[in-house]
Amino acid sequence: MFFRMIFGTLIRQWKKMLMIAFTIALGASLATAMLSVMLDVGDKVNQELKTYGANITVVPKENSVLNSLYEVEDGGSTGAYLREDELGKIKTIFWAFNIVDYAPFVNTKAKLDDGTEITAVGTWFNHHMELPTGEQLDAGITSLRSWWEVTDGKWIDEQSIENRNVAMVGSALAEKLGVRMCDEIHLTGSVSDLTVKVAGIIDAGGDEDNKIFMPLDTAQTLSGLDGKVDSVEVSALTTPDNELAVKAAKDPKSLTIAQYELWYCTAYASSICYQIQEVMTDAVASPVRQVADSEGAILEKTQLLMVLITILSLIGAALGICNLVTASVMERSAEMGLMKAIGAQNSSVSGLVLTEIIITAVFGGIAGFFAGYGFAQIIGHTVFGSAINMRPAVIPIVAVLVLIVTLAGCIPAIRMLLRLSPCEVLHGK
Amino acid sequence: MSLLELKNIYKIYGDLHALDDVNLKVEKGEWLSIMGPSGSGKSTMMNIIGCMDKPSKGEVLLDGVDIAKESAKNLTMIRRDKIGLIFQQFHLVSYLTAIENVMLAQYYHSVPDEKEALEALDRVGLADRAKHLPSQLSGGEQQRVCVARALINYPEIILADEPTGNLDDANEKIVVDLFHKLHNEGTTLIVVTHDPEVAEVAQRTVYLRNGRLHKETINQHFTGEIKFDNEVSV
Ligand SMILES: Nc1ncnc2c1ncn2[C@@H]1O[C@H](COP(=O)(O)OP(=O)(O)OP(=O)(O)O)[C@@H](O)[C@H]1O
Ligand SMILES: [Mg+2]
């Protein structure tokens, strides 16, 4: 009987119920989209920011002074180097987990056969590392410089190449030399000469376009700098700086022990730098300011924005539902009054209306969930350039939100129902 | 003890006395008519007796219980158990069939019983229309469904507020005949009507004016049969 009645209403008022379902679907879809994006966005924003490149640079102590004084490029002038064998240690610091990527660089001058001098850079492309923790990491400029466009050929895959005499040529240089993929270039370095095969042309949109990039060991052979690197660029997830971090960055020794511990155990850019310096001999690690600072802040702001959008959309949905449910109940007030007159208690009349609306909400919510999932993918692709992984937690959260919004939207209608007196509607007043 | 007793009942809206010191006793099994001009307080009185409204002042004893003091929830329960309601506008649930409308009263009372509901429809002569929707029934038939619904839970009192107001003479007679049957079975009937022919059938008629009872007549020749002044042309 109960379901017969509910069914009757759902069919008779299908337009209103459809509107209610649609409103709920709209709210649910926005909530789903925002929540999925929000829960997944931490990673997405980080990936996004990672494409802005490294946020920490590590250079030898002496060079660091010179670099900052004269802004000398290409390092090496003082003869100070970092040790290649210590690179793995970067992934063993306290905040190792926050180090998402890094690449060493060794810069050297090499002569072409026609006598022109060019800059050859040795680096990691996708250097495979197996860490003591068992974690595996492919680090290098393929991901660290993911915004570089490979216009011809493709990125060097260090794990599959047999011959390590390969190189990626900057687009400007490639044009000047007239080289294309698979062409060979003969280079004469300070200690040896070798012929590299062009694996791809890079369009970096900067002065990298005039350089030639090759595996670290190849460049080291060319310049006789075995086991040495000029600099390391690190991409790390960091917490925005606060007063403590600023103070610590100036001089960690000025902190009290408690402050020091708090700072050390927080992923500030400065504490990560400090920890890198601890593991690398004679190294100076410094944050590349702008990016390091903004990273965390952007993440927080993006999430705040999404929370706000979700809340507003849910409030909107609740108001919409409220209107529709009230209208639906008003339309049926005679019927509701009649039920009360023939013995229905307030609870059963309200239960009837709530059941109808909840059934409607379930359909609307499910439709909205899938729409929201699609919506999240659109956001993911347009804003973050990748798919959004649906976290399982989204489903119960959205379900609870939909329920709350639906029930909240029903409150005025239910109040009206409770006040409805049968004699008001039954005598045709 | 009377089944129903109104003692000094007032219903006051602002400065309007819809009921003004009404005293009335109704015995078990009695058939009472209430007459009076429009606005005299007839529906107001029925609402109070029917546990749908409370008096501003006074006592309403139903089976010895003062319903003026009961909570809304208890009033619903008393109404459900003891009172059958019939209205001028038939008030059926439009998307339920005749039998489902009857069963709805069972549903809120106890459990729907299709067989019993069908019997009730049979008593009002509508067994063959059980599966029809209200929109597929004539006004007279709809009112008979309402009568079936009102009597399905064996109420002690049936309250009818202008049950024949929207009916032609032929249907009026059918409904009054149904009342007669119910009366014979011992059901107490209180019928509000404008129609003297309907009122006269009852054992007793009380007259309301401006919220006061001002006259009462007893039908000396009570038969329970409706007689028309002019012969009905069919
Ligand atoms: N809820 C209310 N608020 C204010 N006044 C009311 C209310 N209900 C009824 N009244 C007034 O009380 C008086 C009695 O109304 P009631 O409906 O009882 O009259 P009635 O005798 O049933 O009339 P009718 O024959 O037209 O049905 C009327 O003047 C009416 O306007
Ligand atoms: Mg009336």
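B/R79 contributes a side-chain N or O that, together with a main-chain N or O of A/A341, makes up a donor-acceptor pair within less than 3.5 Å. A donor-acceptor pair is defined here as one N or O able to donate and one able to accept, closer than 3.5 Å; no such pair exists between the side chain of A/Q345 and the backbone of B/T76.
Interface remark: of the candidates B/H109, B/Q88, B/R149, B/R149 forms the most heavy-atom pairs closer than 4.5 Å to chain A. Heavy-atom pairs under 4.5 Å with chain B peak, among A/G337, A/A334, A/G343, at A/G343. For the options B/M103, B/E100, B/Q106, heavy-atom pairs under 4.5 Å to chain A are most numerous at B/E100. Taking chain A as the reference chain and counting heavy-atom pairs below 4.5 Å, the highest number among B/D81, B/L104, B/I78, B/L75 is found for B/L104.
In A/M19, the CE atom is not crowded: 12 or fewer heavy atoms of neighbouring residues, nucleotides or ligands sit closer than 6.0 Å. When the shell of 6.0 Å around CZ of A/F363 is examined, it contains 12 or fewer heavy atoms from other residues, nucleotides or ligands. No more than 12 heavy-atom neighbours from other residues, nucleotides or ligands sit within 6.0 angstrom of CG on B/N210. Under a cut-off of 6.0 angstrom, the local environment of OH in B/Y207 is crowded, with over 12 non-hydrogen atoms contributed by other residues, nucleotides or ligands. Taking a 6.0 Å sphere around CD of B/E59, one finds it holds more than 12 heavy atoms contributed by other residues, nucleotides or ligands.
The heavy-atom pair separating A/S348 from B/Y108 by the smallest distance is OG-CE2, 3.7 Å.
For the 3.5 Å distance criterion, the side chains of B/Y95 and A/Q13 fail to qualify, holding no donor opposite an acceptor.
Using a 4.5 Å cut-off between heavy atoms, B/L92 contacts chain A through its backbone alone, with no side-chain atom that close. For B/L85, the part lying under 4.5 angstrom from a heavy atom of chain A is the side chain only.
How far CE of B/M46 is from SG of A/C423: 12.5 Å, rounded to the nearest 0.5 Å. The distance from atom CD1 of A/I342 to atom CD1 of B/I83, rounded to the nearest 0.5 Å, is 13.5 Å.
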